[in-house]
A.B. asks: 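The structure that follows is given in the form of structure tokens.
Start at 1 with the first residue, then count along the sequence.
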Amino acid sequence: FTAKSRSIGIQHQDGTEGHGEVVESAIHRGPDWVIKGDDGHEKIIKDGDWVMAVRWDIPTWSLIKAKRLNGLSPQGRAKRGTPTPESLAGLRSQ
């Protein structure tokens, strides 16, 4: 994902790509990590959560800081495939 699709748009609107760029994307591998959100409440990042860092352009960052934009939904495409018996066996053994 990160190598091919780092450009981020706004509100799932076509033509808004380029306002943010994914600079880090990983699965958090514990221990649980407690942070304080900008609303003052504690948030817990748990082992296995997907974490992502985005570098925003200045106008978009200003909207985020003003709480006019919040949340992030990566845009992308998916294609359904038929799993092989081997890939299913690998999932079941975990």
A.B. asks: Does NZ belonging to Lys43 count more than 12 external heavy atoms closer than 6.0 Å?
C.D. replies: yes
A.B. asks: Among residues at least two apart in sequence or on other chains, which ones pass side-chain contact (heavy atoms from CB on, under 4.5 Å) with Ala53?
C.D. replies: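 Listed in chain order: Val23, Glu24.
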A.B. asks: Does a side chain donor of either Asp57 or His19 reach within less than 3.5 Å of an acceptor in the other side chain?
C.D. replies: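 His19 and Asp57 do have a side-chain donor-acceptor pair below 3.5 Å.
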A.B. asks: Write down the atom of Ala26, the atom of Trp50, and the distance for their closest heavy-atom approach.
C.D. replies: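 That closest heavy-atom pairing would be O-CD1, 3.2 Å.
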A.B. asks: Is there a side-chain contact between Asp49 and Ile27 in this structure, where contact means two heavy atoms from C-beta onward sitting under 4.5 Å apart?
C.D. replies: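 Answer no - side chains too far apart.
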A.B. asks: When hydrophobic residues are tied together by side-chain contacts of less than 4.5 Å, even through go-betweens, does Ile45 share a cluster with Val54?
C.D. replies: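 No; tracing contacts between hydrophobic side chains, which count when under 4.5 Å, never links both residues.
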A.B. asks: Quick one: closest heavy-atom pair of Lys46 and His28, and the distance?
C.D. replies: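 Shortest heavy-atom contact: O-CD2, 3.6 Å.
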A.B. asks: Linking Ile, Leu, Val, Met, Phe, Trp and Tyr through side-chain heavy atoms less than 4.5 Å apart, which residues share a cluster with Val34?
C.D. replies: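 Its cluster mates, by chain and number, are Ile44.
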A.B. asks: Answer whether the closest heavy-atom distance between the side chains of Glu42 and Ile35 falls below 4.5 Å.
C.D. replies: no
A.B. asks: Are Met52 and Trp56 co-members of a hydrophobic cluster defined by side-chain heavy atoms under 4.5 Å apart?
C.D. replies: yes
A.B. asks: Applying side-chain contact (heavy atoms from CB on, under 4.5 Å), name anything that partners Ile58, two or more places apart in sequence or on another chain.
C.D. replies: Ser62
A.B. asks: Do the side chain of Ser87 and the main chain of Thr84 share a donor and acceptor less than 3.5 angstrom apart?
C.D. replies: yes
A.B. asks: Check Arg55 with Glu21, please: is the shortest side-chain N to carboxylate O separation under 4.0 Å?
C.D. replies: yes
